[in-house]
Trainee: 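My questions all concern the structure below.
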Protein chains: 2
Amino acid sequence: MTDQLSKVFAALADPTRRDMVARLTVADATVGDLAEPYDVSLQAVSKHLKVLEEAGLVSRSREAQRRPVHLEAEVFDLMSKWIERYRRQAEERYSRLDAVLASLQEADSPTAEEGTAS
Amino acid sequence: MTDQLSKVFAALADPTRRDMVARLTVADATVGDLAEPYDVSLQAVSKHLKVLEEAGLVSRSREAQRRPVHLEAEVFDLMSKWIERYRRQAEERYSRLDAVLASLQEADSPTAEEGTAS
DNA sequence: GGCTTTGTCAACCAGTTGATTGAGTACGTC
DNA sequence: GACGTACTCAATCAACTGGTTGACAAAGCC
């Protein structure tokens with residue numbers, strides 16, 4: 001699991017991490033801020049943030065004792081591109097489906113389908 | 001990890017499974033077809049397909065001994081929506097950054113807006 | 001210098017994942 | 001009915017995950 005896309009998908013496969021990302025779109029936050037709504041230890045949240053950071057989804061700076069977490073929106077592009085590319089391909093294929101089916105039926109069955117009036 | 005979005009992201013976190021999805025955008029395929037390029041057992045591929053199926057990314061039918069695998073493109077929409085929603089939010093935030101910072105400073109100050117009429 | 005706040009690192013543990021092999025099922029063909 | 005093909009199920013295993021607690025580090029405050 002070395003490639004970034006795998007890391008990004010894996011990072012977002014966890015609902016808690018997705019929620020963190022969602023909240024970070026509103027504003028940067030500290031580890032404590034982020035941990036507050038969840039019923040887990042601060043260490044667990046710290047681990048989640050490490051996963052997000054290694055996926056390139058967030059970055060962290062230093063500000064006294066605090067480590068503000070910042071969303072890196074560019075990574076979304078990576079995912080979007082992957083998804084849109086294959087979605088488009090799939091849709092193109094389906095848009096050709098009728099034509100394919102039609103030609104198959106012509107070749108396949110010279111007679112009508114079941115239940116159709118003859 | 002019961003929600004579908006988690007399952008979809010988890011399913012696509014594996015490069016082999018992403019590759020399978022990519023190939024399925026071109027045409028439906030049997031388990032054997034899909035397994036051919038990879039250096040793993042057929043059973044392993046069968047497991048990958050089960051993961052993709054449970055995420056709703058593919059469906060399988062029966063055709064004699066074969067189990068053709070078909071890509072379900074609708075699930076891409078689920079992901080797209082999630083991603084685009086937060087990407088848009090994040091982008092909006094950055095474009096409004098100055099204003100946000102200003103309002104944050106205002107909100108910080110002790111004066112409240114509700115029921116302050118003395 | 002000592003205390004508090006904020007967060008990380010390390011060790012551990014149970015549960016999940018991705019792979020394997022071996023056995024078994026479903027279907028068509030001979 | 002025996003055989004081959006296409007595939008799935010079950011048991012097993014090492015590696016990874018997500019959580020825990022305890023100890024530590026880094027910065028500001030007294």
Side-chain angles (χ1 to χ4, degrees), chain A residues 1-24 27-71 108, chain B residues 1-24 27-71 108:
Chain A
M1 224 255 291
T2 40
D3 64 298
Q4 190 179 13
L5 201 47
S6 294
K7 285 183 191 165
V8 173
F9 279 124
L12 295 176
D14 186 292
T16 303
R17 285 195 293 258
R18 276 204 308 282
D19 190 57
M20 287 177 170
V21 167
R23 291 166 59 211
L24 285 168
D28 291 1
T30 66
V31 181
D33 292 342
L34 286 169
E36 198 270 330
Y38 315 121
D39 192 22
V40 294
S41 65
L42 206 72
Q43 289 94 323
V45 172
S46 191
K47 273 195 190 181
H48 280 308
L49 285 170
K50 200 171 184 184
V51 174
L52 290 172
E53 189 176 26
E54 273 165 12
L57 278 159
V58 306
S59 62
R60 291 139 111 188
S61 49
R62 183 167 269 289
E63 186 183 281
Q65 313 98 304
R66 263 145 271 119
R67 308 289 321 267
V69 182
H70 173 79
L71 190 67
D108 239 19
Chain B
M1 221 258 289
T2 39
D3 64 297
Q4 190 180 13
L5 200 48
S6 294
K7 284 184 193 166
V8 172
F9 279 126
L12 295 176
D14 185 291
T16 303
R17 284 194 294 257
R18 276 204 309 283
D19 190 58
M20 286 176 174
V21 167
R23 292 166 59 210
L24 286 167
D28 292 0
T30 65
V31 181
D33 291 342
L34 286 169
E36 198 269 329
Y38 315 121
D39 192 23
V40 294
S41 64
L42 205 72
Q43 289 93 324
V45 173
S46 190
K47 274 195 189 181
H48 280 308
L49 286 171
K50 201 173 182 181
V51 174
L52 290 172
E53 188 176 26
E54 273 163 13
L57 278 158
V58 306
S59 62
R60 292 140 109 187
S61 49
R62 183 168 267 289
E63 185 183 281
Q65 313 97 304
R66 262 145 273 121
R67 307 290 319 270
V69 181
H70 173 79
L71 189 68
D108 259 0

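Below, chains carry the letters A, B, ... as their sequence lines are ordered, and counting in each starts from 1.
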Trainee: From the set C:dT20, D:dT8, C:dA11, return the single nucleotide nearest to any side-chain atom of B:R67.
Mentor: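 Of all the options, the side chain of B:R67 is nearest to D:dT8.
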Trainee: With a 4.0 Å cutoff (strictly under), does any side-chain N or O of A:R17 reach OP1 or OP2 of D:dG18?
Mentor: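 For D:dG18, OP1/OP2 do have a side-chain N/O of A:R17 under 4.0 Å.
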Trainee: Between A:R17 (side chain) and A:D19 (backbone), is there a donor-acceptor pair under 3.5 Å?
Mentor: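 Side chain of A:R17 to backbone of A:D19: no pair is present.
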Trainee: How long is the line joining CG of A:D28 and C1' of C:dT6, in whole Å?
Mentor: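 Whole-Å distance recorded here is 17 Å.
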Trainee: Decide side chain to side chain contact (heavy atoms under 4.5 Å, CB included) for B:R67 and B:S46; before the verdict, give the C-alpha distance in whole Å, the side-chain angles of both, and the deciding distance to 0.1 Å.
Mentor: CA-CA 10 Å; B:R67 307 290 319 270; B:S46 190; over 6 Å; no
Trainee: Would you mind reading off the distance between B:L49 atom CG and C:dA19 atom C1', rounded to a whole angstrom?
Mentor: 15 Å
Trainee: I need the residues from residues 30-43 of chain A with at least one non-hydrogen atom less than 4.0 Å from DNA chain D; give them sorted by number, or say none.
Mentor: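 When residues 30-43 of chain A is checked for heavy atoms under 4.0 Å from DNA chain D, the hits, listed by number, are A:V40, A:S41, A:Q43.
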Trainee: Would you find a donor on one side and an acceptor on the other, under 3.5 Å apart, between the side chain of B:R60 and the backbone of B:R62?
Mentor: no
Trainee: Return the value, rounded to whole Å, for the distance between atom NZ of A:K7 and atom P of D:dT17.
Mentor: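 A:K7 atom NZ is separated from D:dT17 atom P by 11 Å.
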Trainee: Out of C:dT8, C:dG18, D:dC9, which has the shortest distance to the side chain of B:K50?
Mentor: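 Side chain of B:K50 sits closest to D:dC9.
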Trainee: Find the distance A:H48:NE2 to C:dC9:C1' and express it as a whole number of Å.
Mentor: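 In whole Å, C:dC9 C1' and A:H48 NE2 are 17 Å from each other.
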Trainee: For A:Q65 and C:dT6, what is the distance between atoms CD and C1' respectively, to the nearest whole Å?
Mentor: 6 Å
Trainee: Is A:E54 paired with A:K7 through a side-chain N to carboxylate O contact shorter than 4.0 Å?
Mentor: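 Result for this pair is no, no salt bridge flagged.
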Trainee: To the nearest Å, give me how far apart CZ (B:R18) and C1' (C:dG18) are.
Mentor: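 Checked: the CZ to C1' distance equals 15 Å.
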Trainee: To the nearest Å, give me how far apart NZ (B:K47) and C1' (D:dC9) are.
Mentor: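 B:K47 atom NZ is separated from D:dC9 atom C1' by 10 Å.
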Trainee: Apply the side chain to side chain contact (heavy atoms under 4.5 Å, CB included) test between A:V45 and each candidate in A:V69, A:D33, A:V40, A:T16; give the one that qualifies.
Mentor: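 It is A:V40; the other options fail the test.
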Trainee: Looking only at side-chain N and O atoms, does A:S46 come under 4.0 Å of OP1 or OP2 in C:dT8?
Mentor: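 Indeed, a polar side-chain atom of A:S46 lies that close.
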Trainee: Figure out the CZ/C1' separation between B:R60 and D:dT8, and round it to whole Å.
Mentor: 9 Å
Trainee: For the residue pair B:L12 and B:R18, what are the closest heavy atoms and their distance?
Mentor: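 So the minimum-distance heavy-atom pair works out to O-NH1, 2.7 Å.
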Trainee: Without hydrogens or angle criteria, can the side chains of A:S6 and A:D3 be said to hold a donor-acceptor pair below 3.5 Å?
Mentor: yes
